[in-house]
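Atoms within each ligand, like the ligands themselves, are counted from 1 in listed order.
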Amino acid sequence: MTSFPAGFAWGAATSAYQIEGAAAEGGRGPSIWDTFSRTPGKILGGDTGDIAVDHYHRFRDDIALMRDLGITAYRFSIAWPRIQPTGSGPVNERGLDFYKDLVDALLEAGIEPWPTLYHWDLPQPLEDAGGWPLRDTASRFAEYASLVAAGLGDRVPRWFTVNEPWCSAFLGYASGDHAPGRREPAASARAVHHLLLGHGMAAQVLPGQVGAAVNLYAVSAASDEPEDVDAARRIDGLQNRLFLDPLFHGRYPADVLADLEPYGLAECVRPGDMETISTPAGMLGVNYYSRHTVSGRADAEGFVATSPFATTSPWPGAEHVSFVSGGRPMTGMGWEIDPAGLQEMLTRVAAEYPAVPLYVTENGAAFEDKASADGVVDDPERVAYLDAHLRACHAAIASGVPLGGYFAWSLMDNFEWSWGYTKRFGLVHVDYPTQRRVPKSSGRWYGEAARRGGLADPGTIDR
Ligand code: IFM
C-alpha cells in the first residue's frame, strides 16, 4: 500500500454558490453571481444557483454521506451575502446560524471543518460601489472576516481567505467570463492587488491557521523558440508568481509588474500593503487541475475555453499567447490530465517558498458520467485521475514537501459556473430534478483510500 502520513486530511471540497441554493432565504442578500447568472447569455442553458443542489436544506444528509464514505475533512465556503446581506454593517444572525449549525454537525460527525471566506460571491452592493478594483472592498472583506471569526472562531481552527484570486480578478474583470462580467483589464490588475490585500487584512483578524487558496498551473513553453519561452514566462507570471511572490516574499515579481505596467498594478500599492499581504498566515491552499502549454508565435493554433462564451483574453499583457495541445488525454472540460504537473508545482512551491504547510485544496475532474436509472455511476476515469494525482502528492511528500492534506473537487455534482449544470465533478452523483444523491464508484474508492490512509498498490483489486 502507498501510505500517507498519519493526520493527513482526506477531504472533499465545495463552495456556497455552487451547492447551497436557497438564494433568497435566511436573510441572504444578492451576490454578483446571482446577478450574472440571471443575465441572459452568461450561463449555459440559463442555469442559476437559485436552487443548486439544495445543500442549505440538506446539509445534514450531505454530512452523513461524507461520514459514511469515510471523508474526514470538508472544505466549504461561507457566503458573504448570508453574513452581511449588503456587504457591510452588522452580522445577519440567521446567516451565521446556518454556518454554526453546519460546523457543529460536521464536528459531531468527526469531520474537520475547513471554511473558505470568499469563493466568488461578492455582495452585489459592493460591486455596485466598484467591486474588487476598489480598495475599500479589501477593508469590507476584513470586516466580514472579523464577523465570521467572532461567530465561528471558537470551533474552527483553520481558514482559507480568498479562493483562486486569479479567477476573481481575471475572469471577473478582464475576460468577463465570470461575475461581474467586466471586460476592463486595468480593473483586473487593481482587483489582483485588492484581493491580496483583503487576504492579508483578513489574516490579521482570523484566529488559528490561515491561508489563501490559489489555482496554480504547471506551465511549459511549446518549444525552445524565444517567443514561446517568453509566453511561458508571462503565463507562469500571471497565473502563479503574481500571487505567490506577494504572499510569501512580500513583493510583486518585477517582470510581471513590467508586463502589467499599462494596467497600473504598481499604482495601487500603498506603503505597508506588501507587509499586510505577506502577513505570516500559516498555510497555503493549492488548487491544481492541469498544465498550460503555451506559444507566443503568431502562427500557433490553440485555445482554452474559459467559458462556453469566451471571447476576450483573461491574460492582460499576454493576449497574444496561444494555449496549445501538450498531447495528453483530457477531462470533460478539455483540460489536459497531467499529474506530474501537480508534483512539479508542489515541489516548486516548497522550494521557492519554504516552510509553508501546503494543502491541495482542490483537484478533480469532470467526465461524461452515465448514470443508470437508479443513479449509479461507474466512473473509472475519475478513479484513475484521483489515484494518479494522489500518487503525485505522495511522491511530493516522500521528497520532503510539507503537504498535509488533499481535498477532492468536488464532494458532489454542482453548478459549474458558466457551464451551468452540464459539467459534473462530483464524487457523488446528483439527480438534479429529484436532488437524489448516489455515491459514484470514485466516491466509494476515495472513501476507502481515506479509511485506510493510503492507496492500494497497482494490480490490487480495490472495490
Ligand atoms: O468548480 C470550480 C471551483 O469553483 C473553483 N475551482 C475549479 C473548479 C472546477 O472548475
Side-chain angles (χ1 to χ4, degrees), residues 11-21 31-33 36-37 42-44 47-49 52-53 55 74-80 114-122 160-172 175 177-179 195 211-218 239-240 243 284-292 304-310 314 323 330-338 341-342 345 359-369 382 385-386 389 406-428 430 442:
T14 63
S15 87
Y17 189 72
Q18 293 179 275
I19 63 163
E20 284 180 1
S31 82
I32 54 174
W33 269 96
F36 189 73
S37 65
K42 299 297 183 192
I43 312 291
L44 271 188
D47 289 340
T48 73
V53 294
H55 175 75
Y74 178 46
R75 175 173 178 248
F76 58 97
S77 82
I78 296 174
W80 187 348
W114 290 64
T116 300
L117 265 64
Y118 186 70
H119 200 122
W120 308 350
D121 40 5
L122 185 70
F160 290 103
T161 53
V162 290
N163 180 69
E164 300 186 353
W166 181 91
C167 294
S168 295
F170 294 125
L171 298 180
S175 72
D177 293 326
H178 279 190
L195 282 153
V214 292
N215 51 327
L216 303 183
Y217 279 72
Q239 182 81 60
N240 302 319
F243 299 94
L284 176 72
V286 175
N287 295 0
Y288 175 86
Y289 289 91
S290 191
R291 175 184 299 272
H292 293 317
V304 168
T306 45
S307 133
F309 313 106
F323 291 73
M330 294 186 293
T331 70
M333 297 295 285
W335 298 346
E336 290 198 9
I337 301 172
D338 186 8
L342 174 56
M345 292 312 289
Y359 297 90
V360 172
T361 32
E362 285 185 28
N363 174 243
F367 288 110
E368 300 279 325
D369 294 335
R382 189 173 287 104
Y385 182 101
L386 296 173
H389 286 80
Y406 174 95
F407 292 77
W409 185 269
S410 176
L411 171 63
M412 52 195 163
D413 294 336
N414 59 47
F415 176 80
E416 178 55 23
W417 308 112
S418 51
W419 302 91
Y421 296 96
T422 63
K423 303 290 182 192
R424 293 177 176 270
F425 278 86
L427 299 174
V428 172
V430 180
S442 58

* Asked: Hey, does Lys423 sit under 4.0 Å from ligand 1 if you only count heavy atoms?
  ->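 In this structure, Lys423 fails to qualify as a contact of ligand 1 - no heavy atom is under 4.0 Å.
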* Hey, is Trp335 one of the residues with a heavy atom under 4.0 angstrom from ligand 1? ->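 Right, Trp335 reaches ligand 1.
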* For the residue pair Trp33 and Tyr17, does the interplanar ring angle fall in the parallel (under 30°), tilted (30 to 60°) or perpendicular (over 60°) class? ->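 Because their plane-to-plane angle lies in the 30° to 60° range, the rings of Trp33 and Tyr17 count as tilted.
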* To do: Run the numbers for me: atoms of ligand 1, each under 4.0 Å from some heavy atom of Phe425, listed by number.
  =>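 Listed by number with element: 9 (C), 10 (O).
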* At a 4.0 Å threshold, what atoms of ligand 1 neighbour a non-hydrogen atom of Trp120? ->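 Answer for ligand 1: 5 (C).
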* What part of Met333, side chain from CB on, backbone N/CA/C/O, both or neither, has a heavy atom under 4.0 Å from ligand 1? ->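 It is neither part, as no heavy atom is under 4.0 Å.
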* Just let me know how Tyr288 lines up against ligand 1, side chain, backbone, both or neither, with a heavy-atom cut-off below 4.0 Å. =>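 For Tyr288, no heavy atom sits under 4.0 Å from ligand 1.
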Looking only at distance, does [X] have an N or O less than 3.5 Å from an N or O of ligand 1?
{"X": "Gln18", "value": "yes"}
{"X": "Glu416", "value": "yes"}
{"X": "Asn287", "value": "no"}
{"X": "Ser15", "value": "no"}

* Taking all heavy atoms of Gly426 and all of Ser442, pick out the closest pair and write down the distance. =>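 It is O-OG, 4.3 Å.
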* Answer yes when Arg382 and Asp369 have at least one side-chain N-carboxylate O distance shorter than 4.0 Å, and no when they do not. =>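 Looking at Arg382 and Asp369, the cut-off is met.
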* **Pair Glu368 + Arg424, salt bridge at N-O below 4.0 Å** =>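 No, no charged N to carboxylate O under 4.0 Å.
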* Protein residue, atom and distance nearest to atom 8 (C) of ligand 1, heavy-atom basis ->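 The answer is Tyr289 OH, 3.5 Å.
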* Would you mind checking which non-hydrogen protein atom is closest to atom 7 (C) of ligand 1, with the distance to 0.1 Å? =>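 Minimum-distance protein heavy atom for atom 7 (C) of ligand 1 reads Glu362 OE1, 3.2 Å.
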* **N/O donor-acceptor pair under 3.5 Å between Gln239 side chain and Asn215 backbone** =>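 Side chain of Gln239 to backbone of Asn215: a pair is present.
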* Between the main-chain N or O of Ser31 and the side-chain N or O of Asp121, is there a donor-acceptor pair closer than 3.5 Å? ->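 Judged by distance alone, no pair lies under 3.5 Å.
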* To do: Show your working on side chain to side chain donor-acceptor pair (under 3.5 Å) between Tyr385 and Asn363 and close with a plain yes or no.
  => CA-CA 9 Å; Tyr385 182 101; Asn363 174 243; 3.3 Å; yes
* Any side-chain donor paired with an acceptor under 3.5 Å for Thr14 and Tyr74? ->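 On atom types as modelled, these side chains qualify, holding a pair under 3.5 Å.
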